[in-house]
Amino acid sequence: KPCEDSGGGGGNGGHEPPPPTQHSPIATDHGTFWQVDRSGVVSHGAREDPFEIALLANGLYSFKAPNGKYVCAEDNGAADMLIANRDSAGSWEQFTRGPTGSGDHPRGFTLIANHGKYVCAEKDGRITCNRDKGEGYETFEAPAMSGGGEIAGRIKVHEQRFTNDL
């Protein structure tokens, strides 16, 4: 089904109120970042587009791209790509934050779409949503999603990248 409201659930199971919306680049296992093109297609590359990341009251996350549109997990067969072309965050634009399947990413997270598939940063630069489990290519980092109020993951200061391993 193309991004339509069909219910959903999941979340983080916490009872704390959601933090305010934050802007952050989203890093992939390839050392690249989520980016969005003029048509709204989400891919990954060197450009660090800041996404507006919100923890919603239902415990799910939404992502608003720099084009002002919400990221949706298209459930369209073979392509299963992420696209930022929605005006609001309905159920198809909400993601569950999952654990990483690898010890290589202590502050990383996986994302599970409404249709139960994991978001993946493919080797060719595409961001898809068609994996059954979350491992390396399905792992992401974003300071705004580190939890606990601390800044973690990759940050950029004066054109240099640093990792906070606290």
Side-chain angles (χ1 to χ4, degrees), residues 3 10-12 18-56 59-74 79-86 88-89 92-102 104-115 117-131 133-157 159-166:
C3 303
N12 63 9
T21 301
Q22 298 182 35
H23 289 81
S24 175
I26 302 169
T28 73
D29 189 60
H30 304 282
T32 56
F33 299 87
W34 283 22
Q35 54 192 30
V36 63
D37 69 15
R38 290 182 182 166
S39 65
V41 173
V42 180
S43 62
H44 65 95
R47 192 176 70 233
E48 297 181 37
D49 287 356
F51 282 74
E52 181 180 292
I53 302 171
L55 176 58
L56 307 172
L60 300 175
Y61 285 87
S62 69
F63 301 89
K64 190 183 242 186
N67 68 357
K69 302 290 185 174
Y70 286 91
V71 173
C72 176
E74 294 274 3
D80 290 328
M81 56 194 248
L82 291 190
I83 189 159
N85 65 357
R86 301 299 191 253
S88 62
W92 283 92
E93 296 78 32
Q94 298 177 25
F95 298 82
T96 301
R97 177 186 171 155
T100 63
S102 164
D104 295 339
H105 303 278
R107 297 195 188 275
F109 56 89
T110 56
L111 293 172
I112 306 164
N114 180 283
H115 58 2
K117 298 292 185 175
Y118 285 82
V119 175
C120 175
E122 303 285 356
K123 287 181 187 179
D124 64 6
R126 293 176 301 133
I127 301 278
T128 60
C129 191
N130 58 12
R131 301 297 171 90
K133 59 184 177 178
E135 296 183 326
Y137 290 168
E138 295 79 36
T139 302
F140 304 96
E141 293 180 11
M145 291 182 68
S146 66
E150 65 186 57
I151 297 296
R154 296 183 180 132
I155 59 174
K156 187 174 178 181
V157 179
E159 301 303 311
Q160 303 242 346
R161 285 188 178 73
F162 298 91
T163 301
N164 180 353
D165 293 324
L166 297 176

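Scope of the values below: all heavy atoms of this structure, side chains included, with no hydrogens, waters or symmetry mates.
Electrostatic pairing of K117 and E138 does not count as a salt bridge here, judged by no charged N lying under 4.0 Å from a carboxylate O.
Contact record, T110 with G134: CG2-CA, 3.9 Å, taken as the closest heavy-atom pair. Considering all non-hydrogen atoms of both residues, D29 and G136 come closest at CB-O, 3.0 Å. The two residues A142 and I53 make their nearest non-hydrogen contact at CB-CD1, 4.0 Å. A54 and T21 get closest at one heavy-atom pair: CB-OG1, 3.6 Å. Here the closest heavy-atom approach between residue S62 and residue A89 is recorded as CB-CB, 3.9 Å. Among all heavy-atom pairs drawn from Y61 and R97, the shortest one is CE1-CB, 3.6 Å.
With hydrogens and angles ignored, the 3.5 Å screen pairs a side-chain donor or acceptor of H30 with a backbone N or O of A121. A distance-only check finds no donor-acceptor pair linking the side chain of R126 to the backbone of L82 [under 3.5 Å].
In this structure, the side chains of Y70 and Q94 stay at 4.5 Å or more apart for every pair of heavy atoms. Between K69 and R86, the closest side-chain pair of non-hydrogen atoms is not below 4.5 Å. Residues E93 and K64 have side chains not in contact (no heavy-atom distance under 4.5 Å, counting atoms from C-beta outward). Counting only heavy atoms from C-beta outward, the side chains of P66 and V36 approach each other to under 4.5 Å. Between F33 and I26, the closest side-chain pair of non-hydrogen atoms is not below 4.5 Å.
T32 pairs in a side chain to side chain donor-acceptor pair (under 3.5 Å) with only one of the listed residues (E48, H44, R47), which is H44.
Aromatic ring pairs are classed by plane angle as parallel below 30°, tilted from 30° to 60° and perpendicular above 60°; the pair W34 and F63 is tilted.
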